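The next block holds one structure in the form of structure tokens; read it before the comments.
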Number of protein chains: 2
Amino acid sequence: MCPVALASFVTTLQVSDVPLLAANFQPKTACSSCNLAELCLPVDLTQTEMEKLDELSPLKRNFSRSDYLYRSGDKFRSLFAIHSGSFKTQILHEDGREQVTGFQMAGEIIGLDAISTDMHACEAVALENSVVCELPFNKLETLSREIPSLQRHLHKIMSREIVRDQGIMLLLGSMRAEERLAAFLLNLSQRFATRNMSATHFQLRMSRQEIGSYLGLKLETVSRAFSHFQEVGIINVKVRAIEIVDLARLKSCLNSSR
Amino acid sequence: MCPVALASFVTTLQVSDVPLLAANFQPKTACSSCNLAELCLPVDLTQTEMEKLDELSPLKRNFSRSDYLYRSGDKFRSLFAIHSGSFKTQILHEDGREQVTGFQMAGEIIGLDAISTDMHACEAVALENSVVCELPFNKLETLSREIPSLQRHLHKIMSREIVRDQGIMLLLGSMRAEERLAAFLLNLSQRFATRNMSATHFQLRMSRQEIGSYLGLKLETVSRAFSHFQEVGIINVKVRAIEIVDLARLKSCLNSSR
DNA sequence: CACGATTTTTGATATATATCAAACACGCTG
DNA sequence: CAGCGTGTTTGATATATATCAAAAATCGTG
């Protein structure tokens with residue numbers, strides 16, 4: 001099994017998504033100094049269980065920018081662990097509207113929405129060149145009947161997605177534009193940090209338009225919010241290159257409710 | 001095991017939540033003429049599996065209006081199947097803001113968010129006198145290792161919650177006020193219909209304030225949208241009593257995007 | 001390296017929804 | 001059934017964000 005897929009599935013020190021709100025930020029874990037593949041090697045698996053996991057034998061597949069990993073309506077067969085790169089997921093409404101429901105990066109699992117109906121409910125598009133491990137879901141179910149800690153982990157991954165989604169509902173339902181952008185940047189920062197990348201200097205992989213769709217704003221509003229944060233010295237923006245200058249102040253933006 | 005909990009867990013003809021958007025509405029199922037308890041008796045379980053399910057031996061508990069089923073931060077032990085009545089779930093932000101994340105009714109499962117961290121991430125409050133079956137999660141996990149169709153069903157319930165949440169993101173991120181209310185009413189209507197109650201005449205269990213929180217609107221905006229729908233003859237509203245007069249036109253509201 | 005296409009920024013204006021405020025209706029309790 | 005508290009409706013106004021538009025910057029590609 002590829003190390004990232006393993007990492008995503010086997011550990012309790014989960015690299016996967018975190019709640020969107022800064023309030024829920026957790027400190028970096030003890031093993032944050034190792035790299036991603038090493039980050040979360042099996043903690044609670046026996047040798048036999050490890051060997052069983054090999055039965056998954058996930059396929060690795062490469063994607064270029066704007067390739068589809070799956071489309072809405074596709075037959076569900078597998079979950080996908082992102083090995084490297086990043087994706088966006090989005091739902092399409094019949095009238096052409098689309099809503100970005102998430103941005104996923106290395107170590108995160110996507111495709112959970114499809115279990116419900118055996119069909120993908122949204123579509124996943126690569127934001128850059130990416131590598132993905134395909135995890136056949138029937139094998140995963142069989143294995144998780146045999147390996148309780150894998151079963152629990154799968155449940156946690158699904159539950160975490162539910163919690164993440166609810167955080168976004170809070171954001172979309174009750175925050176103003178600049179709060180949303182602050183929450184978004186803080187979430188990214190935290191996820192980069194978990195991956196031993198800089199929490200303060202990073203490159204956005206998505207357009208203003210995509211950020212806007214995710215945050216329920218128009219692209220111009222996103223752009224203005226970036227500009228304003230820069231004006232007041234909270235961040236430096238050069239198009240997609242972000243530097244967080246004053247993390248504390250960025251966090252304090254979240255509490256300025258209406 | 002109580003029939004509703006059983007129904008929620010064992011069948012493929014799921015009474016549980018449906019996607020929020022009318023676009024995804026499904027026609028009533030063939031067994032819609034029977035009542036809730038009968039609706040979804042075990043289809044694909046053997047006698048032995050049925051007997052095993054008894055091990056769950058869920059507790060039934062009663063709740064009055066505004067009682068808490070669980071609070072944010074409570075230790076996670078069980079999922080809950082709503083036997084009768086209804087609940088709201090909401091997240092609290094530290095600055096006092098709150099966001100209603102869902103309204104749940106008979107046959108639906110709540111508490112899935114808590115699996116992620118072993119702590120409830122939101123709180124569940126009864127909207128009326130209600131009865132709930134408590135399903136100890138460790139027993140559920142054990143059983144679902146032994147009964148593959150139960151395992152698959154649990155996965156589907158979680159996945160369905162993810163899809164539902166994404167539908168709400170679409171609503172909050174891209175719909176205008178009246179579209180949101182239309183989607184909300186259509187969703188309720190569809191869920192009442194599934195329960196063999198009138199799809200066109202029903203009683204709201206929640207306040208304008210709670211609807212507003214759920215839809216990302218202020219209560220006055222919700223009230224005005226109700227009034228407007230009544231003015232143009234789409235619905236009749238008498239405070240919490242709703243009559244849908246023109247279902248087709250209500251559905252067409254959903255496509256009038258900005 | 002230059003060109004066209006795309007994305008981003010910025011400005012002026014429009015508009016949907018929030019906010020503030022008051023009247024009204026309803027449900028509960030004594 | 002009267003009176004009070006809470007929830008709802010409606011109106012007037014404020015404001016955040018959308019919309020429209022144009023310029024500027026960036027990216028990809030020959």
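Just so we're on the same page: letters track the sequence lines, and every chain starts at 1. Only a predicted model underlies this, so the values are computations on that prediction, with no experimental measurement involved. Quick note: numbers below take in every heavy atom, side chains included, and nothing from hydrogens, waters or symmetry partners.
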Query raised in the report: Can you tell me how far P of C:dA16 sits from CG of B:Leu181, to the nearest Å?
Result: 17 Å
Query raised in the report: Within this structure, what is the CG-to-P distance between A:Leu215 and D:dT17, rounded to whole angstrom?
Result: 12 Å
Query raised in the report: Between C:dG27 atom C1' and B:Arg65 atom CZ, what is the distance in whole Å?
Result: 11 Å
Query raised in the report: Contact class for A:Ser223 vs. all strands (heavy atom < 4.0 Å): base, sugar-phosphate, or nothing?
Result: base
Requested in this report: Select base, sugar-phosphate, or nothing to describe what A:Leu217 touches, counting heavy atoms under 4.0 Å on all strands.
Outcome: sugar-phosphate
Report summary line: the helix from C:dC1-D:dG30 to C:dG30-D:dC1: angle between terminal helix axes, five bp per end, to the nearest 10 degrees, reads 50°
Requested in this report: Please check if any side-chain donor atom of B:Glu98 sits under 3.5 Å from a side-chain acceptor atom of B:His93, or the reverse.
Outcome: no
Report task. Check the distance between C:dT10's P and A:Arg208's CZ and give it to me in whole angstrom. Result -> 10 Å
Query raised in the report: When the ring centroid of B:Tyr214 is compared with that of B:Phe103, is the distance short of 6.0 Å?
Result: yes
Query raised in the report: Without hydrogens or angle criteria, can the side chains of A:Ser72 and A:Glu123 be said to hold a donor-acceptor pair below 3.5 Å?
Result: no
Indicate every side-chain donor-acceptor pair of residues 232-245 of chain B with a distance under 3.5 Å to a residue at least two apart or in another chain.
residue: B:Asn236; atom: ND2; partner: B:Glu243; partner atom: OE1; Å: 3.2

**Report entry** Gap between atoms CG and P, on A:Leu204 and D:dT26 respectively (whole Å)
**Finding:** 15 Å
Report task. Look at A:Arg65 together with A:Glu128 and state whether they make a salt bridge at an N to O cut-off of under 4.0 Å. Result -> no
Query raised in the report: Would a 4.5 Å heavy-atom cut-off, applied to side chains only, mark A:Gln99 and A:Gln90 as touching?
Result: no
Requested in this report: Under the side chain to side chain contact (heavy atoms under 4.5 Å, CB included) rule, what do A:Leu204 and A:Leu188 come out as? Steps first, then yes or no, please.
Outcome: CA-CA 9 Å; A:Leu204 297 175; A:Leu188 281 185; 3.5 Å; yes
Query raised in the report: Toward the 5' end of DNA chain D, which comes first, B:Glu220 or A:Leu219, by nearest nucleotide?
Result: B:Glu220
Query raised in the report: Counting only non-hydrogen atoms, which of residues 232-242 of chain A are less than 4.0 Å from DNA chain C?
Result: A:Val239, A:Arg240
Query - Plane angle bin for B:Tyr70 and B:His120 - parallel if under 30°, tilted between 30 and 60°, otherwise perpendicular - result: parallel
Requested in this report: Find the distance B:Gln209:CD to D:dT6:P and express it as a whole number of Å.
Outcome: 14 Å
Query raised in the report: When all nucleic acid strands are considered with a 4.0 Å heavy-atom cut-off, which category describes A:Gly216: base, sugar-phosphate, or nothing?
Result: sugar-phosphate
Query raised in the report: Hey, does the side chain of A:Thr221 come within less than 4.0 Å of D:dA18's phosphate (OP1/OP2), counting only N and O?
Result: yes
Query raised in the report: Under the 3.5 Å rule, do the base of D:dT19 and the side chain of A:Arg224 count as making a donor-acceptor pair?
Result: yes
Query raised in the report: Below 4.0 angstrom, N of the basic side chain to O of the carboxylate: do B:Arg164 and B:Glu108 qualify?
Result: no
Report task. Taking only the side-chain nitrogens and oxygens of B:Ser227, find out if one of them lies under 4.0 Å from OP1 or OP2 of D:dT10. Result -> yes
Requested in this report: Write down the distance between NZ (B:Lys218) and P (D:dA14), rounded to a whole number of angstrom.
Outcome: 19 Å
Query - Atom CD of B:Gln209: over 12 foreign heavy atoms under 6.0 Å - result: no
Query raised in the report: Between D:dA16 atom P and A:Arg180 atom CZ, what is the distance in whole Å?
Result: 13 Å
